[in-house]
Amino acid sequence: MGTLCLPPPPSPPLEALGPHLHRRCSHLLQSCTSMRCLKQTHSLLIRTGLDRLEPLVAKLISFCALSPAGSLDYARLIFAGIESPTTHLCNIMLRGFSRSNSPENAILLYEQMRTTGVSLDRYSFPPLLKAMTQALALGEGREVHGYVMKMGFDSDVFIHNELLQFYAECGSVLDVRQVFEKTPRRNMVTWDFFLGGLFRRGLFQEVVSRFDEMLKMGIEPDELILGTVISACGHAKDLRMGEAVHSYIDKRKLKIDSYLESSLVHMYANCGSLAQAHKLFDGMEVKSLAAWTALVCGYCKTGEVETARSLFNQMPEKDTVSWSAMIAGYVENGQPNDALKLFHEMQLSGAKLDHITLLSVLSACADLGALDQGRWIHFFIQQNGFNQTLSVNNALIDMYAKCGSLEDSRKVFNAMPMRNVISWTAMLTGLAMHGDGKAALELFYEMKKSNTKPNDVTFIGMLYACSHAGLVDEGRQLFVEMTKEYGIMPRQEHYGCMIDLLGRANLLDDACELVKSMPMRPNVVIWGALAAACKIHKNAVIGEYAAKQLLQLDPEHDGAYVMLSNIYASSSRWDDVAEMRKLMKDRGVTKETGCSWIELNNITHEFVMGDRSHPQTDEIYQKLHQVVSKVKLIGYAPNTSNVLLNVEEEEKDDMLLLHSEKLAVSFGLINVGAGSCIRIAKNLRICDDCHSFMKLISLGFNREIILRDRNRFHHFKEGSCSCRGYW
Ligand code: ZN
Ligand code: ZN
């Protein structure tokens, strides 16, 4: 049994209802606060036929589409039932759509209006452009812009302001500038959108100069604009302008709200004016999260990591940005271990992390050579969907290469849905670090075939690959190709690689010629490369010259002193040796402390030269002596040429044994399960003695050792090393 369907009661003629009901409905709609109440009124309108009156329908739709208590879906339902909607009704819907999560509906409605011939007026465009901004629909927006001009609305400042916002969001700075130049009677919103647009596109310098223009035109900026300009000064590190704006605010006695205060703290901190930043910060009544973070960042940048950390600890609450800032601070200041520790704390705290955090953490793993932790973070990245992010994948390639696992770098590289020049360069540089010059060259051709243009960093990687694999001809060819085909002028780094390449191949005369031909003054890298080559090939004349140049540029270059001492000692110039030692002492030069890391069960163990701080110290030294006696049987003889001279030979032997990588490898032999590879990372270049020591361990103990030093990777296996003596 169905319900009986009665025909609707015949509606009385409209005019018979009189103005009374009309007014009552209008009043009901005006005082409506909920959808329930609205629906009741709507049904009353239907019953009385008043739902055909445009002003009442407009009120209905307005409430549904625009009020916070409304329902856009219900508005669409009513709107769909209207046979030929007016421009006014369409505009209400456009506004509703532009505020919703599906702005593309506004674009659809616009297309409908065009095809059905509903005209657009000056109220149609602002919401329409707002929707296009939200949907980042650059093509459609351009079309609308054209239509605006055709309709003659291009003198309307409101429409211009929306256009500015639209182009700024879509990233078209050229259009932003054009619209701005053509805006008649610019108001404060115009300037705000314009400067804000430039700011969001990272054009901080231009924000500052346009602001200058604005002041010269006699326009007084509001607080919003001042905030933007101060932030821009901070990013552009323009302290002079920042201070000028600050004193402008003070002079006009403008109200400094917490947003402006934060911007000022950020500006001073970013410009390195930390005392000033801290003073302002102390004076803040309510210390914003942004101000805390700006101060933490500032101290990290000036290397005062301890101060930064203590501030960080005092923060009443922390967000993703502040955690990331502190982690990045540790990485940038060479404290990767602390960065990883903090990262674990961050996860325990339940804070959300983003790709910026991950980039810092991956870089910390790379610095430490912490493969296990790197793998764990990679797993995390996959679980949380960050493996589609280009920059994260690039960092993964770099991390795996630096942690000694080229296979993993390759896997990430091959699986990438999209690659840019940085991805290719990271993979090439990885191969170069591991001494696989041939593979690097192959990949380079593949890169060119894929139509990716190599940049200057790619060429540094390639030249490096050639020099570490002894590929002289290929290197020379690349050096020419770089300028000739790609128009890249070689920088010091490129010359450095070339000199390294020629020097290692004992083409010292060619290397000297290249130094002479350089259009710029050779820097420390160049003289260092030449000096190192002379050391390998025992060329005292050029070596002495290069080392002296090195000392002139960098009086604290410890390597140069050691090298000169050794050159003098080998020709028994003892007075000169003494002079070197005195110079070093007078200038307070100390050899940079060697430091090695080894990772075990997600914990990184650190050893410095002669370290006795490790809980297993006694065991480690016992093991070391055992190892020494064993490798001596298969041919180890301490090579003391790297030790500063004038100490007794026996003492020198002892000093050699204290090298951090020897302690690390002893620790590894005790704790890393038999048959597993021992992975060590070192901050300095491995010395000749440790190099042959490792080779012999790999033979005598049948252990694979992968050691990363400052320059490259050494895979020690069965008594030989992958670098074949090139390091
Ligand atoms: Zn050593
Ligand atoms: Zn090696």
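Numbering of ligands and ligand atoms starts at 1, following listing order. In this text, all values refer to a predicted model and were calculated from it rather than measured experimentally. Side chains included, hydrogens not; waters and symmetry mates left out as well; all remaining heavy atoms used.
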Exercise. Name the one of F459, F479, W527 that satisfies ring pair (Phe, Tyr, Trp, His ring centres under 6.0 Å) with Y495?
Worked result: F479
Exercise. Are the aromatic rings of H659 and F693 close, with centres under 6.0 Å apart?
Worked result: no
Seminar exercise, completed: The residue among V665, I686, I706 that forms side chain to side chain contact (heavy atoms under 4.5 Å, CB included) with I680 is V665
Seminar exercise, completed: For the Zn ion (ligand 2), the nearest N/O/S atom on H714 is atom ND1
For this session: Apply ring-ring contact (aromatic ring centres under 6.0 Å, His included) to H715 and H434, showing your working.
Result: CA-CA 8 Å; H715 292 240; H434 288 263; 5.3 Å; yes
Problem set entry | Verdict with supporting geometry, L564 and L551, side-chain contact (heavy atoms from CB on, under 4.5 Å) | CA-CA 10 Å; L564 276 174; L551 280 187; 3.8 Å; yes
For this session: For the Zn ion (ligand 1), check which protein N, O or S atoms are under 2.8 Å away and list them.
Result: H659 ND1, C687 SG, C690 SG
Exercise. For N420, which of N393, L390, T452 qualifies under side chain to side chain contact (heavy atoms under 4.5 Å, CB included)?
Worked result: L390
Problem set entry | N/O/S atom of C723 inside 2.8 Å of the Zn ion (ligand 2), strictly under | yes
Exercise. Within 45° of the axis and under 6.0 Å from the centre of the six-membered ring of Y486, does NZ or CZ of K453 qualify?
Worked result: no
